[in-house]
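The block underneath contains the structure these notes are about, expressed in structure tokens.
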Amino acid sequence: MHTDCEINYRRLRQILPGFENGATYQMHLGEESGDQEPDILFSIVSSSRYTAEVDIHQLSAISDWCEAPSMRVRVYHDTRMVEVIRYQGVARFRATYSYPNDRMRQPDEKSAVNRLLADWLQLCLELGCAAAGISAQPEL
């Protein structure tokens with residue numbers, strides 16, 4: 001899991017070069033066209049010298065049966081790691097779960113959401129989400 005968190009830090013830093021409190025970054029996947037609505041929002045919830053928290057919301061659903069990803073990540077600047085701390089409204093993942101369990105969590109749920117973030121950030125980079133394609137919008 002540490003490897004995924006380190007990779008997530010590098011990828012997120014490629015997408016978001018800075019972490020300004022209250023800033024919202026709008027992102028378009030692929031080529032950006034004039035009045036097109038953004039596909040992804042990155043909102044800096046808090047930022048300090050050593051950590052930051054970022055909300056990531058994909059605005060369009062992938063399909064009718066699958067909800068668009070929504071997560072909050074904590075960025076650890078000192079250790080250069082990013083960890084998912086909330087996914088689809090669920091927070092506080094344990095490292096492992098017995099299976100079966102009351103909430104039907106997978107045994108490696110925490111690791112799985114961090115791998116999902118790694119894959120998702122890689123996809124964003126492959127589809128052209130890079131620093132040049134980001135416009136900072138102060139949150140209203």
Co-membership, hydrophobic cluster, residues Val54 and Leu125, 4.5 Å side-chain
yes
Measure the acute angle between the ring planes of Tyr9 and His77, then classify it against the limits of 30° and 60° as parallel, tilted or perpendicular.
perpendicular
Look only at the side chain of Asn114 and the backbone of Asp4, and say whether a donor-acceptor pair between them is shorter than 3.5 Å.
no
Hey, does the side chain of Arg11 reach the backbone of Ala118 with a donor-acceptor pair shorter than 3.5 angstrom?
yes
What verdict does the side-chain contact (heavy atoms from CB on, under 4.5 Å) test give for His57 and Met71, after you've listed the backbone C-alpha separation in whole Å, the side-chain angles of each residue and the deciding distance to 0.1 Å?
CA-CA 7 Å; His57 299 284; Met71 62 186 75; over 6 Å; no
Taking a hydrophobic cluster as the set of Ile, Leu, Val, Met, Phe, Trp and Tyr residues connected by side-chain heavy atoms closer than 4.5 Å, whether directly or through intermediates, do Leu116 and Leu121 fall within one such cluster?
yes
Gln122 and Trp120: CA distance, side-chain angles, deciding distance, side-chain contact (heavy atoms from CB on, under 4.5 Å) verdict
CA-CA 5 Å; Gln122 180 62 35; Trp120 192 74; over 6 Å; no
Is any side-chain heavy atom of Val82 less than 4.5 Å from a side-chain heavy atom of Leu117?
yes
If you measure from CG on Asp119 to CD on Glu126, what distance do you get to the nearest 0.5 Å?
9.5 Å
Would you please test Leu12 and Val75 for side-chain contact (heavy atoms from CB on, under 4.5 Å) and show each step?
CA-CA 9 Å; Leu12 188 63; Val75 180; 3.8 Å; yes
Please examine the side chains of Ile15 and Tyr25, heavy atoms only from C-beta on, and report whether any two atoms are closer than 4.5 Å.
no
Are side-chain heavy atoms of Ser43 and Thr24 found at a separation under 4.5 Å?
yes
Before accepting this row, confirm whether a basic side-chain N of the pair Glu53/Arg74 lies closer than 4.0 Å to the acidic partner's carboxylate O.
yes
Going hydrophobic residue to hydrophobic residue with side-chain gaps under 4.5 angstrom, can you get from Phe42 over to Met81?
no
Can you name the nearest heavy-atom pair linking Thr51 to Tyr76, along with the distance?
CG2-CD2, 3.9 Å
Please test Asp55 against Arg72 for salt bridge (Lys or Arg N to Asp or Glu O under 4.0 Å), starting from the C-alpha separation and ending with a verdict.
CA-CA 4 Å; Asp55 281 342; Arg72 178 171 286 183; 2.6 Å; yes
Before you tell me yes or no, could you show the steps for Ile56 and Leu41 under side-chain contact (heavy atoms from CB on, under 4.5 Å), namely the whole-Å CA-CA distance, both residues' side-chain angles and the distance that decides it to 0.1 Å?
CA-CA 6 Å; Ile56 305 171; Leu41 291 179; over 6 Å; no
